[in-house]
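Below: one structure, written as structure tokens.
Note that ligands are numbered from 1 as they come in the structure, with each ligand's atoms numbered from 1 the same way. Everything quoted here is computed from the prediction, not taken from an experiment.
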Amino acid sequence: MSSVLVLNGPNLGRLGTREPDVYGAGTLDDLRTVLQSDAPETTIDLRQTDEESQLLHWLYEAADSGAPVILNAGAWTHYSYALRDAVSLVTKAGGTVIEVHLSNPHAREEFRHTSVISAVASGVIAGFGFDSYRLALAHIRRNGA
Ligand code: DQA
């Protein structure tokens, strides 16, 4: 596998300064460095957007290229049916989309207990900070997805 898409949704560009007690002190650049050193043979294509349509188009790109996706959709996780449909079109076509969260949404406010994407994702890893992404990447590498 040559490339893994690591897609991040709204407010995740603020990692490092945004609620560090919840999300940790590391930035997205730190995350890219950690993932790249875990998988030197792979291109870690880490992106972040605050625009929902942009995230949809990146998922279409994954559907077309077959690149595996690690997805932290931020708050869109909880209510975006458009995002759910885009994840579904990737996984139903045989692609891999692993839903990840830094925090454990189930241990937080009630509105975070619902994920509209989990049912169509390949798997879900939450609550382990950067390790949520690292575990997802380890799975992808192990399975050559
Ligand atoms: C998050 C959890 C979401 O509830 C929240 O809206 C985020 C980050 C996480 O990584 O823990 O933005 O996806």
Identify every side-chain donor-acceptor pair in residues 116-129 under 3.5 Å, counting partners at least two apart or on other chains, and give the distances.
unit_1	atom_1	unit_2	atom_2	d
Ser118	OG	Glu99	OE1	2.7
Ser118	OG	Ser115	OG	3.0
Ser122	OG	Val97	N	2.9
Ser122	OG	Val97	O	3.3

Seminar exercise, completed: So CG of Asp50 and CG of Leu12: to nearest 0.5 Å the spacing works out to 8.5 Å
Exercise. Could you give all pairs that pass the ring pair (Phe, Tyr, Trp, His ring centres under 6.0 Å) test and reach residues 10-66, with sequence neighbours left out?
Worked result: His57-Tyr60
What are the atom names and distances for all N or O pairs under 3.5 Å between ligand 1 and the protein?
unit_1	atom_1	unit_2	atom_2	d
ligand 1	4 (O)	His78	NE2	2.7
ligand 1	4 (O)	Arg112	NH1	2.8
ligand 1	6 (O)	Ala75	N	3.2
ligand 1	6 (O)	Arg112	NH1	3.1
ligand 1	10 (O)	Asn72	ND2	2.8
ligand 1	10 (O)	Leu102	N	2.8
ligand 1	11 (O)	Leu102	N	3.3
ligand 1	11 (O)	Ser103	N	2.9
ligand 1	11 (O)	Ser103	OG	2.5
ligand 1	12 (O)	Arg18	NH1	3.1
ligand 1	12 (O)	Arg18	NH2	3.1
ligand 1	13 (O)	Asn72	OD1	2.8
ligand 1	13 (O)	His101	ND1	2.8

Seminar exercise, completed: Distance col, row Thr96:OG1 vs Asn143:CG, nearest 0.5 angstrom, shows 8.0 Å
For this session: Of all the heavy-atom pairs spanning His101 and Thr77, show the shortest one and how long it is.
Result: CE1-OG1, 3.3 Å
Problem set entry | ring-ring contact (aromatic ring centres under 6.0 Å, His included) against Phe111, all qualifying residues, sequence neighbours excluded | His78
